[in-house]
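One structure below.
Keep in mind that this is a model prediction, so the values were computed, not measured.
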Amino acid sequence: MKKLLLPLLLFVIFIGNGQTPPPKAGDPQKIEAMKVGFITNKLQLTPEEAKVFWPIYNQYEAEKKAARKSTLGEKEDFKRLDQLTDAEAQKLIENQIAWRSKELDLLKKYVGEFKKVLPVKKVAKLLMVEEQFKKMLIEKAKENPQSQPKPKP
């Protein structure tokens, strides 16, 4: 579900500002470019910092994605939640808890890595900036509800 939300929200943002063509849901490069620009700007990364930070951050994101995929299973299960048995729903709960635990473990690991290449204040700010990015996307989606795709019947 999260994988679909980010591209949708970015699509809404690009339509809303009218300056850049909207990224296609299948075009993660444009989405990542927007995120890179946002984080780089908010953290005020120097070219030297960016050069060492971004490979580490990209590895962090790749590990999160792999962990999410291996832990959460199929998105279709969430789409048909009302049709699941209690045992299947329980398994979804357990998978969510396992995913959040893995996500926290990765965060702990990578905060240590980030502190090796960035000042600790920028690392602290990174955690807030990631949340700001998500909130900005959600706000843009709320501002432009007409640009969101219509649900299929």
Side-chain angles (χ1 to χ4, degrees), residues 1-79 81 92-151:
M1 186 76 168
K2 286 183 181 180
K3 286 183 181 180
L4 295 175
L5 183 60
L6 183 61
L8 174 65
L9 293 173
L10 288 171
F11 176 77
V12 171
I13 289 169
F14 283 111
I15 286 178
N17 70 19
Q19 297 172 348
T20 309
K24 296 178 179 124
D27 192 356
Q29 290 82 12
K30 287 184 181 181
I31 294 167
E32 285 304 311
M34 183 177 169
K35 186 174 184 180
V36 167
F38 187 86
I39 291 173
T40 299
N41 181 45
K42 292 290 187 175
L43 293 184
Q44 298 178 332
L45 294 177
T46 66
E48 296 80 22
E49 289 171 334
K51 184 177 179 180
V52 292
F53 167 76
W54 283 109
I56 297 168
Y57 188 85
N58 291 338
Q59 182 62 34
Y60 168 57
E61 288 290 305
E63 286 189 39
K64 276 195 330 187
K65 183 178 179 178
R68 181 182 309 119
K69 187 175 182 178
S70 70
T71 307
L72 293 181
E74 299 298 321
K75 291 181 272 187
E76 287 74 30
D77 289 340
F78 290 97
K79 293 178 183 175
L81 191 58
L92 285 179
I93 292 168
E94 291 167 5
N95 287 349
Q96 281 287 325
I97 292 168
W99 155 242
R100 290 180 187 191
S101 177
K102 284 182 182 181
E103 186 178 38
L104 182 58
D105 291 343
L106 283 170
L107 179 63
K108 289 176 185 178
K109 171 185 170 183
Y110 277 94
V111 162
E113 295 298 313
F114 297 145
K115 289 194 297 188
K116 292 177 184 176
V117 298
L118 292 178
V120 70
K121 288 182 182 179
K122 285 189 178 183
V123 175
K125 193 171 187 179
L126 170 64
L127 304 178
M128 295 184 332
V129 166
E130 286 180 310
E131 289 302 313
Q132 288 174 349
F133 183 73
K134 291 175 192 174
K135 287 179 183 178
M136 182 215 30
L137 295 177
I138 292 168
E139 288 174 15
K140 291 288 185 180
K142 288 179 182 176
E143 291 172 6
N144 299 305
Q146 71 280 1
S147 64
Q148 295 180 17
K150 304 261 187 282

*State, to 0.1 Å, how close K122 and T46 come at their nearest heavy-atom pair, and which atoms those are.*
NZ-N, 4.4 Å
*If every non-hydrogen atom of P55 is compared with every non-hydrogen atom of A50, which pair is closest and at what distance?*
CD-O, 4.2 Å
*Other residues, nucleotides, ligands: >12 heavy atoms within 6.0 Å of K42 NZ*: no
*State the CZ-CD distance between F38 and E130, to the nearest 0.5 angstrom.*
10.5 Å
*Can you check whether W99 reaches K64 side chain to side chain, under 4.5 Å on heavy atoms?*
yes
_Residue pair E63 / Y110, side-chain donor-acceptor N/O under 3.5 Å_ = yes
*Quick one: pull up CH2 in W54 and CD in E49 and give me the separation to the nearest 0.5 Å.*
12.0 Å
*When rounded to the nearest 0.5 angstrom, what is the spacing between OH in Y57 and CG in L118?*
12.0 Å
*Output the distance between atom CG (N95) and atom CZ (R100), rounded to the nearest 0.5 Å.*
12.0 Å
*4.5 Å side-chain heavy-atom contact, K108 and L104*: yes
*Which pair of non-hydrogen atoms, one from V111 and one from L127, has the smallest distance, and what is that distance?*
CG2-CD2, 4.4 Å
*Enter the distance from I39:CD1 to F53:CZ here, rounded to the nearest 0.5 Å.*
6.0 Å
*asked:* Do E48 and K51 make a side-chain contact, defined as non-hydrogen atoms from C-beta onward lying under 4.5 Å apart?
replied: no
_Rounded at 0.5 Å granularity, tell me how far CG in L43 sits from CE in M128._
9.5 Å
*Apply the test side-chain contact (heavy atoms from CB on, under 4.5 Å) to residues K35 and E61: give CA-CA distance (whole Å), side-chain angles for both, the deciding distance (0.1 Å), then the verdict.*
CA-CA 12 Å; K35 186 174 184 180; E61 288 290 305; 3.4 Å; yes
